[in-house]
Peer 1: 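Once you've had a glance at the structure underneath, I'll fire off some questions.
Note: hydrogens, waters and symmetry copies are ignored here, and every other heavy atom, side chains too, is used. Indexing begins at 1, ligand by ligand and atom by atom, following the structure's order.
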Amino acid sequence: MTLKKTLTIAGSDTSGGAGIQADLKTFQELGTYGMTALTVVVTMDPDNNWSHNVYSLPIDIVKSQIKTALSTGIDAVKTGMLSTEEIIQTAGEAISESGTEHVVIDPVMVCKGEDEVLNPGTVGAMIEYLLPRAEVVTPNLFEAGQLAGMKTPGTVEQMKTVAEKIHSLGAKNVVIKGGKQLQHDKAADLFYDGTTHLLLESEKTDTHYNHGAGCTFAAAITANLANGQDTRSAVVEAKKFVAAAIANGWKLNEYVGPVMHGAKSRFGAPDVTTTEV
Ligand code: PXL
């Protein structure tokens, strides 16, 4: 038996909920073979309120991992935390040269609870090197505003405008993750394919334990595409996967509660409705 090969080019979240840890757990759950190219290592300081430290890896080590993984003939690749313009350019060019069929860009700019953009130049580099190669780009509200050069959207109407702008920058499909900041009574994400705006909704879960939700959503889209789903169903099924993971989020310690990546296969998924808006 062979498995579809999925690659994540992303950072290590030592706490295990986000980053490559989220991606690998999700790839495994969805029956794909996961590979990694590590870009940064994120640690948390237990003596300073769990504040984050981000250590970028030398570019040669990043390049050599990407080359190793792509040489195996990857079915779908996802990018996550890419901390420098050089890493973004390297990843974008290598993905192009490899001709990988499915490319999911999760334009990670901040970690939850941290409000500084990793490095201001990275937004321009993502627009130049990643968006034109994206089959799907998955910004949260803040990242969507940054990519579009607009203010952070706060309503579904504003998400639609921002999604159209990001699509015009070359991403074939845009998924804006609504998250907690969205003024809406449901947990809502917007999918835009250049023609139709589709609102994906599930019941809100009243929880702080949602660390890694964004990475998990994008990783599930990646695995679903590798497994041959069309883009729309890859996104809708990924929303079910992450809604289950959030509904079963749990407390790791007093600072962080990760989603439960394997929740859907164990407990099933909450309902997700889709409405053209
Ligand atoms: O959730 C964004 C994210 C992505 N990648 C890595 C992270 C985080 C947040 O902690 O550590 C490696």
Peer 1: Whether the His197 and Glu164 side chains hold a donor-acceptor pair (N or O, under 3.5 Å, no angle test) is what I'd like checked.
Peer 2: yes

Peer 1: Provide the number and element of each atom of ligand 1 under 4.0 Å from a heavy atom of Cys215.
Peer 2: 1 (O), 4 (C)

Peer 1: With a 4.5 Å cut-off on side-chain heavy-atom distances among I, L, V, M, F, W and Y, is there a chain of contacts connecting Ile74 to Ile87?
Peer 2: yes

Peer 1: Which ligand 1 atoms, with their elements, are less than 4.0 angstrom from a heavy-atom of Gly11?
Peer 2: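 Taking each heavy atom of Gly11 in turn, ligand 1 has 12 (C) under 4.0 Å.
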
Peer 1: Using distance alone, with no hydrogens and no angle criterion, decide if Gln65 and Thr36 have a side-chain donor and acceptor under 3.5 Å apart.
Peer 2: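 There is no such pair (donor and acceptor under 3.5 Å, judged by atom type) between the side chains of Gln65 and Thr36.
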
Peer 1: For ligand 1, which atoms sit closer than 4.0 Å to a heavy atom of Ala18?
Peer 2: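 So the answer, numbered in order with elements, is 1 (O), 3 (C), 8 (C).
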
Peer 1: Classify the contact between Asp13 and ligand 1 as side chain, backbone, both or neither, using a heavy-atom distance cut-off of under 4.0 Å.
Peer 2: both

Peer 1: Pull out every atom of ligand 1 sitting under 4.0 Å from any heavy atom of Ser12, numbered as shown with elements.
Peer 2: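 Matching atoms, with element in brackets: 12 (C).
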
Peer 1: Between Pro139 and Lys177, is there a side-chain heavy-atom distance shorter than 4.5 Å?
Peer 2: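 Lys177 vs Pro139: side chains apart.
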
Peer 1: Side-chain donor-acceptor pair under 3.5 Å between Gln89 and Glu85, yes or no?
Peer 2: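 No, Glu85 and Gln89 have no side-chain donor paired with an acceptor closer than 3.5 Å.
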
Peer 1: Which of the atoms in ligand 1, numbered in the order shown and given with their element, are less than 4.0 Å from a heavy-atom of Val42?
Peer 2: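 Counting atoms of ligand 1 from 1, those under 4.0 Å from Val42 are 11 (O), 12 (C).
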
